**Q** 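The structure is given below, and queries will be raised subsequently.
In what follows, every chain begins at residue 1, and chains take the letters A, B, ... in the order their sequences are listed. Please read all numbers here as calculations on a predicted model, not as lab measurements.
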Number of protein chains: 2
Amino acid sequence: MSKPSRIQLENRAAIAEAAVSEFSSRGYHGATIDAIADKAGMSKPNLLYYFPSKEVIYRTVLEQIVEEWLSPLMTLDPTADPVEELRRYITLKMRMSADRPHASRLFASEVLAGAPILKDFLETRLKSLVEDKATILQGWIDDGKLAPVDPVHLIFMIWATTQHYADFEAQIDAVTGAQSKKPGFNEQASQAVLSILLNGVRPR
Amino acid sequence: MSKPSRIQLENRAAIAEAAVSEFSSRGYHGATIDAIADKAGMSKPNLLYYFPSKEVIYRTVLEQIVEEWLSPLMTLDPTADPVEELRRYITLKMRMSADRPHASRLFASEVLAGAPILKDFLETRLKSLVEDKATILQGWIDDGKLAPVDPVHLIFMIWATTQHYADFEAQIDAVTGAQSKKPGFNEQASQAVLSILLNGVRPR
DNA sequence: CAAGATTTTGACCATTTGGTCGAAAGTTTT
DNA sequence: AAAACTTTCGACCAAATGGTCAAAATCTTG
C-alpha cells in the first residue's frame with residue numbers, strides 16, 4: 001500500500017463532494033451511482049474503481065461529516081462566562097449551517113431514517129460528549145450563572161434551531177421569499193436566535 | 001360517482017397510514033409499494049386499485065399532513081396575553097410532535113429534499129400565514145409585551161425546537177438512552193422548551 | 001338466490017439501477 | 001521507449017421495483 005496518487009486524491013474528493021450533494025437532496029435510495037459519477041465528472045465504473053459500493057460511499061461521507069459536525073461542541077470552556085461561551089458556540093453552529101447546508105441535511109436525513117448507520121456512534125461518542133457538556137452546563141446552573149433548565153434539552157434546542165436553517169432551507173426560502181440567499185440573512189438569523197436563547201438561559 | 005363503500009374507506013385509510021410510516025422512515029425513493037401494501041395488509045395490485053401510482057399516494061398523505069400541521073398556527077389570538085398564547089401554541093406543537101412523529105418526519109423529509117411537491121404550498125398559503133402571524137407578534141412587540149425579536153425567526157425557532165423532538169427522535173433516544181419512550185419525557189421536554197423560549201421573548 | 005358490481009390477486013412486463021468485466025487509454029518507472 | 005502499473009469506460013448482467021391485466025373471489029342488491 002503506497003500513498004494515494006494525485007489522481008486518487010482528486011477523484012476521491014470529487015466523488016465525496018458529489019455524493020454529499022446527491023445523498024442530501026435525494027436521500028440514500030434516491031441517489032444513484034450514475035448521478036454521483038456524473039456530478040464528479042466520471043463514468044460509473046470509474047467511480048466504482050474508487051469506492052467498492054454505494055453503501056461504502058455513503059458511510060464514508062457520513063463519517064467525514066460527523067467528525068466535523070462534532071468538533072465545535074468539544075470546546076465548551078467551564079471556566080469562561082457561560083453566556084459568552086454559549087454565544088460563541090451558537091454563532092459557530094449557525095455559521096456551519098450556512099456554510100455546509102448539504103452536510104447538515106445529509107446528517108439530518110440519516111437521523112430522520114432512524115440513524116441505521118450512525119446509531120452506534122450516537123449511542124457512544126455523542127452520548128458521552130453530551131453527558132460531559134451537560135455536566136459543565138449544570139455546574140454553571142448550580143453556580144447561579146445560568147437559569148435552571150435541563151442542560152440536555154438546552155443542547156437539543158441549540159442543535160434544533162441552528163440546524164433548522166440548513167435543514168429546512170427550502171421552507172425558509174419559500175416563506176421569506178428566498179431571503180436566505182441574500183447576504184446578511186445569516187447575521188439576522190443569528191441575532192434572533194442568540195437573543196432568544198441567551199435571554200432564555202440568562203439567570204434572572 | 002357514488003359514496004365510497006366501507007371497504008373503500010377502510011382500505012384507503014390503512015394504505016395512508018402504512019404509507020406515512022414507510023415514506024417517513026425510508027424516504028420517497030426508499031419506500032416500496034410492496035412494503036406499503038404489506039403493511040396495509042393487501043397485495044400490491046390491490047393497493048394500486050385504490051391509488052393509481054406511488055406518487056399519488058405520496059401526494060395524498062403529504063396533503064393530509066400539511067392540513068393538520070397547519071391548523072394550530074391559525075389560532076393566535078392578538079387580544080390575548082402574548083406569553084400565554086405562545087405557551088399554548090408551543091405546548092400544542094410539542095404534543096403534535098409526540099403524537100404524530102411519523103407525520104412530522106415525512107414533512108421534514110419532503111422539505112429536506114427541497115420540497116419538490118410542497119414548494120407551491122409553502123410559497124403561497126404558508127407564506128401568507130406566517131406574514132399574518134408575524135404581524136400579530138410585531139404588534140405585541142410594539143406594545144412592549146414581547147421582547148424585540150424578528151417575529152419570523154421566532155416562528156422558525158418554535159417550529160425548529162418542537163419538531164426536533166419528532167424528527168431527531170433517533171438521536172435523542174441514542175443520547176438520552178431511549179428516555180423519550182418513557183412517560184413524562186414529553187412533559188419534561190416541554191418544560192425546558194417553554195422555559196427557554198418564553199423567557200427568551202419576555203420583555204425585560 | 002342470481003345477476004351485477006366491486007374487490008382481490010397471480011402472473012407478467014419494462015425500466016431502473018447497483019455492480020462486474022475485459023480491454024483500451026493514459027502514467028510512471030526503468 | 002518499452003515495460004509495468006494505474007485509470008477509464010463500453011457493454012453487459014441480475015435483482016428490484018413500479019405498474020398492467022385478465023381472471024377469480026367476494027360482496028351487494030333486486
**Q** For B/Asp34 and D/dA15, give me the distance from atom CG to atom P, rounded to whole Å.
**A**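 Going from CG in B/Asp34 over to P in D/dA15 covers 17 Å.
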**Q** Report yes if a side-chain nitrogen or oxygen of B/Tyr49 is closer than 4.0 Å to either non-bridging phosphate oxygen (OP1 or OP2) of C/dT8; otherwise report no.
**A**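 For C/dT8, OP1/OP2 do not have a side-chain N/O of B/Tyr49 under 4.0 Å.
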**Q** Give B/Ala31 one of three labels, base, sugar-phosphate or nothing, depending on what nucleic acid heavy atoms sit under 4.0 Å from its own.
**A**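 The answer is sugar-phosphate, as B/Ala31 gets under 4.0 Å only of primed atoms, P, OP1 or OP2.
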**Q** Which part of the nucleic acid, if any, lies within contact of B/Ala37, taking any heavy atom under 4.0 Å across all strands shown: a base, the sugar-phosphate backbone alone, or nothing?
**A**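 Result for B/Ala37 = nothing.
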**Q** What's B/Leu48 touching, base or sugar-phosphate or nothing? Going by heavy atoms closer than 4.0 Å.
**A**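 Answer is base: heavy atoms of B/Leu48 come under 4.0 Å of a base.
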**Q** Can you measure A/Met42 atom CE to D/dT6 atom P for me and round it to whole angstrom units?
**A**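 Going from A/Met42 (CE) to D/dT6 (P), I get 18 Å.
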**Q** Which whole-number value in Å describes the distance from B/Arg12 CZ to C/dT6 C1'?
**A**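 It is 15 Å, rounded to the nearest whole Å.
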**Q** How many whole angstroms separate atom CD of B/Glu22 from atom C1' of D/dT17?
**A**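 Taking CD of B/Glu22 and C1' of D/dT17, I get 14 Å after rounding.
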**Q** Return no unless some side-chain N or O of A/Gln8 is found under 4.0 Å from OP1 or OP2 of D/dT7.
**A**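 Affirmative; the distance criterion is met.
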**Q** Using a distance-only criterion (donor-acceptor N/O pair, under 3.5 Å, no hydrogens), is the base of C/dG19 paired with the side chain of A/Lys54?
**A**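 For A/Lys54, whose side chain was compared with the base of C/dG19, there is no donor-acceptor pair (under 3.5 Å).
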**Q** So what does B/Phe51 hit on the nucleic acid, given a heavy-atom distance under 4.0 Å: a base, only sugar-phosphate, or nothing?
**A**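 If one applies the 4.0 Å heavy-atom cut-off, B/Phe51 turns out to touch nothing in the nucleic acid.
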**Q** Output the single nucleotide from D/dT28, C/dC21, C/dG19 whose closest atom is nearest the side chain of A/Pro45.
**A**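 Per side-chain heavy atoms of A/Pro45, the pick is C/dC21.
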**Q** Does OP1 or OP2 of C/dT8 have a side-chain N or O of B/Asn11 closer than 4.0 Å?
**A**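 For C/dT8, OP1 or OP2 has a side-chain N or O of B/Asn11 closer than 4.0 Å.
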**Q** OP1, OP2 of D/dC9 versus side-chain N and O of A/Asn46: anything below 4.0 Å?
**A**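 A/Asn46 to D/dC9 OP1/OP2: side-chain N or O found under 4.0 Å.
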**Q** Salt bridge or not between A/Glu55 and A/Arg59? Use side-chain N to carboxylate O under 4.0 Å.
**A**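 Salt bridge: yes.
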**Q** Check the distance between D/dT17's P and B/Ile36's CD1 and give it to me in whole angstrom.
**A**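 My rounded result for the distance is 12 Å.
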**Q** For B/Phe23, does the six-membered ring have the charged nitrogen or CZ of B/Lys54 within the cation-pi criterion, i.e. under 6.0 angstrom from the centroid and within 45° of the normal?
**A**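 Here B/Lys54 fails the 6.0 Å and 45° test against B/Phe23.
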**Q** Check this for me: does any side-chain nitrogen of one of A/Arg125 and A/Glu67 sit under 4.0 Å from a carboxylate oxygen of the other?
**A**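 Here A/Arg125 pairs with A/Glu67 in a salt bridge, since their nearest N and O are under 4.0 Å apart.
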**Q** When the distance from CZ of B/Arg26 to P of D/dG18 is rounded to whole Å, what number comes out?
**A**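 The answer, rounded to whole Å, is 12 Å.
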**Q** Between A/Glu131 and A/Lys127, is there a salt bridge with N-O shorter than 4.0 Å?
**A**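 Answer for the salt bridge query: yes.
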**Q** Hey, would you say the B/Phe185 and A/His153 ring centroids sit under 6.0 Å apart?
**A**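 Judged by ring-centre distance (under 6.0 Å), B/Phe185 and A/His153 do meet the cut-off.
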**Q** Atom OH of A/Tyr50 and atom P of D/dT8: how far apart are they, to the nearest Å?
**A**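 The distance from OH of A/Tyr50 to P of D/dT8 comes to 4 Å, rounded to the nearest Å.
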**Q** Which whole-number value in Å describes the distance from B/Ile33 CD1 to C/dC12 P?
**A**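 About 20 Å, once rounded to whole Å.
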**Q** Using a cut-off of 4.0 Å on non-hydrogen atoms, how would the nucleic acid contact of B/Thr32 be classed: base, sugar-phosphate, or nothing?
**A**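 It contacts sugar-phosphate atoms only.
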